[in-house]
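A quick write-up on the structure given underneath.
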Amino acid sequence: MGDVLAGFHAAWEFESDSVLIRYVRGIRTPKLFQALGERRVPLEAIEGVTLSPGKRGTVVLRLEPRPGADPLMEAAAGQLKESSDPYRLVLPAERETLAEYYADELRAQLTESGPAERHLVAAPEAPLQFKAYDGKATFDGTSVAFRWFWTGASSAKWKAGDQRFPVSELSGVEWRSPEVFEGHLRLLRRDTAVPAPAQADQDPAAVVFGLGYGPVHESLPFAAAVLAAVRSCSAVPAMSSPAAGAGGVSSSARRDPADIAERIRHLGELHQAGLVTDEEFSSKKAELLAEL
């Protein structure tokens, strides 16, 4: 097709075998879009196209990716806010007729549906890194490393020491959105002889988000890149579940009182250093105490 349809935060270029999505940089553009830059979505990765009314005089054209076709959406596991959905193109309502034309053209070219056997959309490229609340995560394309921060890491993580996980030893990732209080990125390991701790802050194979650390536009592309690497080096299906911890243990399990006391002490140090506001300190302290 070769035509370009420009929306508020992105422009879609329709090609014979794919849709090239270029995200626009700007103050109002979601940071995730800016981090992604552009994405080429093969038509075989799409199973549907919708056009629906948007907010405040807009219409929304959306591609419906096949389950498992995109490592970013697989890692997100339905946790992205609607405004951060990379498959939505928001247009002025007066362009609805034009949008409907392109929607019909795309539908006529789609031939695949259902779960994809492999990733069809490219993952963000390594090297990648980001700062979580309790450590720094880095990924060089072959292994993931966690370096703990003394101001945030639990005693369990300090005892375990800094960690490095070859992709070949992983079975998948679990990403919990940091927009939900205390999200996390947990690496799922093939060796399940020793069950992983239910709480991510006690698991040396996980980093915890909170207090402004590990934002979506940094942690989610990281998770997607790791997930894609795991899938590419093994035939074992990748796993991603926001609802439960590794091993299916409920996240409501109680924490060690000594560890909670240590977390409160660390929180107090951040507060005294001016890195945490009075409101954040009070809210977080109350939540930790409630877990005793």
Side-chain angles (χ1 to χ4, degrees), residues 4 6-13 18-42 45-46 60-63 65 68-90 119-147 167 172-187 206-232 238 240 242:
V4 176
F8 289 113
H9 303 308
W12 290 6
E13 182 174 349
S18 62
V19 178
L20 177 61
I21 302 177
R22 294 189 176 92
Y23 300 101
V24 178
R25 292 189 175 276
I27 296 177
R28 297 181 181 278
T29 302
K31 290 184 178 181
L32 176 61
F33 295 177
Q34 298 186 49
L36 294 175
E38 69 175 44
R39 313 191 80 207
R40 185 178 299 279
V41 184
I46 305 169
V60 179
L61 184 62
R62 185 182 187 275
L63 303 179
D70 183 352
L72 188 83
M73 302 304 284
E74 185 175 352
Q79 298 173 81
L80 282 178
K81 290 183 177 180
E82 185 179 74
S83 59
S84 295
D85 183 347
Y87 287 93
R88 296 172 79 247
L89 182 65
V90 182
H119 289 148
L120 300 170
V121 181
E125 295 184 359
L128 294 167
Q129 63 179 23
F130 71 92
K131 290 183 178 180
Y133 173 71
D134 56 359
K136 181 179 180 180
T138 59
F139 178 52
D140 62 8
T142 60
S143 63
V144 180
F146 293 155
R147 180 171 61 82
V167 168
V173 300
E174 176 186 88
W175 181 79
R176 176 80 59 82
S177 173
E179 293 179 346
V180 176
F181 195 70
E182 279 206 354
H184 64 253
L185 171 68
R186 190 196 300 264
L187 303 177
V207 287
V208 176
F209 310 134
L211 302 177
Y213 293 91
V216 170
H217 71 280
E218 294 180 353
S219 60
L220 180 56
F222 186 102
V226 175
L227 181 60
V230 170
R231 289 283 290 272
S232 67
S240 177

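As the structure is a computational prediction, the values presented were derived from the model and not from experiment.
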**Item:** Set of residues satisfying side chain to side chain contact (heavy atoms under 4.5 Å, CB included) with respect to Ala69, sequence neighbours excluded
**Value:** Ala45, Arg66, Ala116, Leu120

**Request:** Taking the side chain as every heavy atom from C-beta outward, state whether Leu72 and Pro86 have any atom pair closer than 4.5 Å.
**Result:** yes

**Request:** To the nearest 0.5 Å, tell me how far Leu61 CG sits from Leu89 CG.
**Result:** 6.0 Å

**Asked** Tell me, do Val216 and Pro178 make a side-chain contact under 4.5 Å, heavy atoms counted?
**Response** yes

**Message:** Could you walk me through whether Leu80 and Asp85 satisfy the side-chain contact (heavy atoms from CB on, under 4.5 Å) test, starting with their C-alpha distance in whole Å, then the side-chain angles of each, then the deciding distance to 0.1 Å, before giving a yes or no?
**Reply:** CA-CA 6 Å; Leu80 282 178; Asp85 183 347; 5.6 Å; no

**Prompt:** Where do Arg39 and Val121 land on the side-chain contact (heavy atoms from CB on, under 4.5 Å) test, with the steps shown first?
**Reply:** CA-CA 8 Å; Arg39 313 191 80 207; Val121 181; 3.5 Å; yes

**Prompt:** Residues in salt bridge (Lys or Arg N to Asp or Glu O under 4.0 Å) with Glu82, at least two apart?
**Reply:** Arg88

**Any Val173 side-chain heavy atom under 4.5 Å of Leu187 side chain** = yes

**Prompt:** Is the closest side-chain heavy-atom distance between Val4 and Trp12 below 4.5 Å?
**Reply:** no

**Message:** Taking salt bridge (Lys or Arg N to Asp or Glu O under 4.0 Å) as the cut-off, I'd like each qualifying pair that reaches into residues 123-143, sequence neighbours left out, listed once.
**Reply:** Asp134-Lys157

**Message:** Just to verify, what does Glu13 make a salt bridge (Lys or Arg N to Asp or Glu O under 4.0 Å) with, not counting sequence neighbours?
**Reply:** Arg22

**Asked** To the nearest 0.5 Å, how far apart are CG in Asp70 and NE2 in His119?
**Response** 7.5 Å

**Atom pair CZ/CD of Arg231 and Glu74 - distance to nearest 0.5 Å** = 4.5 Å

**Asked** Looking at residues at least two apart in the chain, or sitting in another chain, which of them share a ring pair (Phe, Tyr, Trp, His ring centres under 6.0 Å) with Phe146?
**Response** Trp148, Phe165

**Request:** Heavy atoms only: give me the nearest Ala123-Ala228 pair and the separation to one decimal.
**Result:** CB-CB, 3.5 Å

**Message:** Quick one, His184 and Val207 - any side-chain contact, counting heavy atoms below 4.5 Å?
**Reply:** no

**Prompt:** Checking Thr138 side chain against Gln129 main chain: does a donor-acceptor pair fall under 3.5 Å?
**Reply:** no

**Prompt:** Which residues pass the side chain to side chain contact (heavy atoms under 4.5 Å, CB included) test with Ala122, sequence neighbours left out?
**Reply:** none

**Message:** Once side chain to side chain donor-acceptor pair (under 3.5 Å) is applied, do any residues pair with Ser18, and if so which ones, sequence neighbours excluded?
**Reply:** Glu15, Arg40

**Asked** Any sub-3.5 Å donor-acceptor pair from Glu218's side-chain atoms to Pro215's backbone N or O?
**Response** no

**Complete:** Here the pair of heavy atoms bringing Ala225 nearest to Leu128 is CB-CD1, 3.5 Å

**Asked** Are any non-hydrogen side-chain atoms of Phe222 and His217 less than 4.5 angstrom apart?
**Response** no

**Name of the residue among Leu220, Val226, Leu227 meeting side-chain contact (heavy atoms from CB on, under 4.5 Å) with Trp175** = Leu220

Distance-only donor-acceptor hits, side chain of residues 27-37, under 3.5 Å, sequence neighbours excluded:
{"unit_1": "Thr29", "atom_1": "OG1", "unit_2": "Val24", "atom_2": "O", "d": "2.8"}
{"unit_1": "Gln34", "atom_1": "NE2", "unit_2": "Gly26", "atom_2": "O", "d": "2.9"}
{"unit_1": "Gln34", "atom_1": "NE2", "unit_2": "Thr29", "atom_2": "O", "d": "2.9"}

**Partner set under side chain to side chain donor-acceptor pair (under 3.5 Å) for Tyr23, not counting sequence neighbours** = none

**Prompt:** Would you say Tyr87 and Met73 make side-chain contact, with heavy atoms under 4.5 Å?
**Reply:** yes

**Prompt:** Does the ring centre of Phe209 sit less than 6.0 Å away from the ring centre of Tyr133?
**Reply:** no

**Asked** Are Leu185 and Arg176 close enough that some pair of their side-chain heavy atoms sits under 4.5 Å apart?
**Response** no

